[in-house]
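For reference, the structure is listed below as structure tokens.
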Amino acid sequence: GYSSAASDVYKRQDKNYIEFLYRNRGTKLQEQTEKQNIKISVRNLVEFILRSGDIDNRKSRVMQAEAMQEGSRIHRKIQRRMGASYHAEVPLKIEIPRENYQFVIEGRADGIIKEEMITIDEIKGIYMDLSYLEEPVGVHLAQAKCYAYMYAQQESFAPDVKMGVQMTYCNLDTEEIRRFVEQYTVRELENWFLGIVAEYEKWADFQYQWRCKRQASIQKLEFPFDYREGQKELAADVYRTIYRRKNLFIQAPTGTGKTM
């Protein structure tokens, strides 16, 4: 039969409380949704706003799927070659409050070079001939600039502080490396970054409005079937786990009613 790590506790509770949880699920979940952050990764943010295409097939191999797996190996190899000032895989996060929600933008910088000038390093493994690469790919450079601004905010850099942004491209066949380095003040990075966020904000507003509409409609819904044995307890366990932002481990055989 159905069992979970929490079910023994819940089964001892009054059945009316389970009914109360289900009847009030819309209201409670709506309260949570309104307080939730709208999260997006740095990569998804810049690709959503800045992604473009090219009919030149010499460049089309940049984004091939197999490059991702092989690229991970190259990342580690390049990172190991760098000196003591190179800090690899640095997690970064920035929170930007808005009237109805809060942006949470997260990512992981491939490398931060801590020398007289801080430089953010973004590594990309690609298959194309690097001689065709005259400048960094736009979305790649944008990722590095995001990380530079996020790090500047984390470290409370002054607006006139200069930071380096380095794009490291490595051919996955030959392991040839080509680098592009640019410099920006924190003020320049801030103006650019906030412009990207403003472009995405209209889509975040759509997400927020849709969630409000969805949660309002949930309050009027009724469970569409007769409960099977143990199914109501299962639903209550799942609800409470989501509400408390915990993890739930469930063991339930076929026929319990896990899927609607």
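Being a predicted model, the structure only gives us computed values, none of them experimental. Below, each value reflects all heavy atoms present in this structure, side chains not excepted, and no hydrogens, waters or symmetry copies.
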Original post:
Should the ring pair Y101 and Y208 be called parallel, tilted or perpendicular, given that the plane angle runs from 0 to 90° and is split at 30 and 60?
Top reply: tilted
Run the side-chain donor-acceptor check on residues 84-94: report pairs under 3.5 Å with partners two or more places apart or on a different chain.
from: S85; atom 1: OG; to: E115; atom 2: OE2; distance (Å): 3.2
from: Y86; atom 1: OH; to: D121; atom 2: OD2; distance (Å): 2.7
from: E89; atom 1: OE2; to: Q79; atom 2: NE2; distance (Å): 2.9

Original post:
W203 and F206: ring pair (Phe, Tyr, Trp, His ring centres under 6.0 Å), yes or no, with the steps?
Top reply: CA-CA 5 Å; W203 303 101; F206 292 152; 5.6 Å; yes
**OP:** Kindly write out the residues that satisfy ring-ring contact (aromatic ring centres under 6.0 Å, His included) with F193, not counting sequence neighbours, or none if the list is empty.
**Re:** Y149
Subject >> Contact check, side chains of V137 and K124, non-hydrogen atoms, under 4.5 Å >> reply: no
**OP:** Is it possible for you to say whether M117 and V161 belong to one hydrophobic cluster, with membership spreading through side-chain heavy-atom contacts below 4.5 Å?
**Re:** no
Subject >> V46 and C146, any side-chain heavy atoms less than 4.5 Å apart >> reply: yes
Subject >> E99 atom CD, over 12 foreign heavy atoms within 6.0 Å >> reply: no
**OP:** Starting at CD of Q102, measure out to CD of E95 and round the result to the nearest 0.5 Å.
**Re:** 4.5 Å
Original post:
Nearest 0.5 Å, what's the CG-OH distance between L248 and Y239?
Top reply: 14.5 Å
Original post:
Would a distance-only check, ignoring hydrogens and angles, find a side-chain to backbone donor-acceptor pair under 3.5 Å from D129 to S131?
Top reply: yes
**OP:** To the nearest 0.5 angstrom, please state how far the CD1 atom of I38 sits from the CZ atom of R211.
**Re:** 5.5 Å
**OP:** Find out whether H140 and Y169 are in side-chain contact, i.e. whether some heavy atom of one side chain is under 4.5 Å from a heavy atom of the other.
**Re:** yes
**OP:** Determine, step by step, whether Y200 and F103 satisfy the side-chain contact (heavy atoms from CB on, under 4.5 Å) criterion, reporting the C-alpha distance in whole Å, the side-chain angles of both residues, the deciding distance to 0.1 Å, and the verdict.
**Re:** CA-CA 10 Å; Y200 187 75; F103 275 129; 3.7 Å; yes
Subject >> Side-chain touch M163/Y151, heavy atoms, less than 4.5 angstrom >> reply: yes
Subject >> Distance (rounded to the nearest 0.5 Å) between I96 CD1 and L194 CG >> reply: 6.0 Å
Original post:
For the atom pair CG (N44) and CD1 (I49), what is the distance rounded to the nearest 0.5 Å?
Top reply: 11.5 Å
Original post:
Hey, does D110 have a side-chain heavy atom less than 4.5 Å from the side chain of Y147?
Top reply: no
Original post:
Looking at I120 and A144, what are the two nearest heavy atoms and their distance?
Top reply: CG2-O, 3.9 Å
Original post:
Is the closest side-chain heavy-atom distance between L141 and E182 below 4.5 Å?
Top reply: yes
**OP:** Determine the minimum heavy-atom distance between I177 and R179, stating which atoms define it.
**Re:** CG2-NH1, 3.7 Å
**OP:** Kindly indicate, with the supporting measurements, whether the criterion side-chain contact (heavy atoms from CB on, under 4.5 Å) is fulfilled by D237 and I250.
**Re:** CA-CA 9 Å; D237 287 359; I250 295 173; 5.7 Å; no
Subject >> Heavy-atom closest pair, residues E106 and M150 >> reply: CA-CE, 4.3 Å
Original post:
Does any non-hydrogen side-chain atom of L50 lie less than 4.5 Å from one of I196?
Top reply: yes
**OP:** Would you mind reporting whether I40 and Q207 have side-chain heavy atoms less than 4.5 Å apart?
**Re:** no
**OP:** Could you tell me whether the side chain of R228 and the main chain of G255 form a donor-acceptor pair under 3.5 Å?
**Re:** yes
**OP:** Heavy atoms only: give me the nearest A148-V165 pair and the separation to one decimal.
**Re:** CB-CG2, 4.0 Å
Subject >> Donor-acceptor under 3.5 Å (N171 side chain, M128 main chain) >> reply: yes
Original post:
Under the side-chain contact (heavy atoms from CB on, under 4.5 Å) criterion, do E122 and F180 qualify, and how do the steps go?
Top reply: CA-CA 10 Å; E122 181 70 14; F180 300 88; over 6 Å; no
**OP:** Given side-chain contact (heavy atoms from CB on, under 4.5 Å), test I105 with V42 step by step and report yes or no.
**Re:** CA-CA 6 Å; I105 303 171; V42 167; 3.8 Å; yes
Original post:
Rounded to the nearest 0.5 Å, how far does CG of D226 lie from CD of Q231?
Top reply: 9.5 Å
